[in-house]
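Structure record follows, encoded as structure tokens.
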Amino acid sequence: MMRTTTTKGAVIWMVVLLAALSIPSTSSVQAEDSHMKGSMVVPPTQARAVPIGERAVVASGAAEDTLKACQARIPESASAGQRMLAEQSCAGAEQTRNEIRLAPKL
């Protein structure tokens with residue numbers, strides 16, 4: 001009796017495993033993005049590039065960044081919700097920078 005139950009269980013598991021392995025899967029590498037088909041990414045030309053020395057832009061989150069500079073990077077076309085979230089993010093970053101400046105040096 002025990003042997004028949006074990007054999008039936010093994011057969012059922014093999015059928016389930018075979019069914020699971022036979023399902024075709026599409027990996028993310030093989031998936032095709034229809035909106036990207038035929039598009040080409042072109043790097044900016046030197047004519048449009050501005051030398052780093054001529055720009056007074058500080059990287060976002062840098063120690064030299066300020067609240068005013070952070071808020072200046074918020075696009076004018078941002079919605080009210082996007083603007084509020086960006087302003088809160090800038091205020092949080094400013095608070096972190098102030099805490100780091102005030103921390104005791106070891």
Side-chain angles (χ1 to χ4, degrees):
M1 181 77 175
M2 184 68 144
R3 182 173 243 205
T4 307
T5 305
T6 306
T7 306
K8 286 180 184 179
V11 169
I12 291 172
W13 277 109
M14 290 182 71
V15 169
V16 169
L17 181 62
L18 181 62
L21 292 176
S22 66
I23 297 172
S25 65
T26 305
S27 68
S28 60
V29 176
Q30 295 173 344
E32 179 182 327
D33 291 334
S34 60
H35 66 280
M36 292 297 291
K37 189 173 185 177
S39 63
M40 183 168 53
V41 178
V42 180
T45 62
Q46 290 296 337
R48 291 189 224 160
V50 177
I52 293 174
E54 294 180 18
R55 290 183 82 180
V57 177
V58 178
S60 175
E64 299 83 17
D65 197 11
T66 64
L67 179 62
K68 190 174 183 179
C70 182
Q71 290 176 338
R73 286 192 297 270
I74 301 172
E76 293 294 324
S77 61
S79 68
Q82 291 171 329
R83 180 168 295 283
M84 182 182 71
L85 184 61
E87 288 172 352
Q88 288 176 351
S89 177
C90 289
E94 180 68 16
Q95 182 179 1
T96 302
R97 282 191 295 276
N98 288 337
E99 290 173 2
I100 290 171
R101 286 184 198 119
L102 297 175
K105 307 292 186 247
L106 300 175

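All heavy atoms count here, side chains included; hydrogens, waters and symmetry mates do not.
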Problem - Over all atoms of both residues, closest heavy-atom pair of Arg83 and Glu76 - result: NH2-CA, 3.7 Å
Exercise for the section: Might you point out which heavy atoms bring Glu87 and Ile74 nearest each other, and give the distance in Å? Expected result: CG-CD1, 3.8 Å
Problem - Heavy-atom pair with the smallest gap, counting every atom of Thr66 and Arg97 - result: C-NH2, 3.7 Å
Fill in the blank from the handout: Looking only at heavy atoms, the pair that brings Cys90 and Gln71 closest together is SG-N, 3.8 Å
Problem - Spacing of Gln95 atom CD and Leu67 atom CG [to the nearest 0.5 Å] - result: 11.5 Å
Practice task
Enter the distance from Leu17:CG to Ile12:CD1 here, rounded to the nearest 0.5 Å.
Solution key: 13.5 Å
Practice task
Keeping the roles fixed (side chain from Ser22, backbone from Leu18), state whether a donor-acceptor pair exists under 3.5 Å.
Solution key: yes
Exercise for the section: Drop me the distance from Glu99's CD to Glu94's CD, to the nearest 0.5 angstrom. Expected result: 11.0 Å
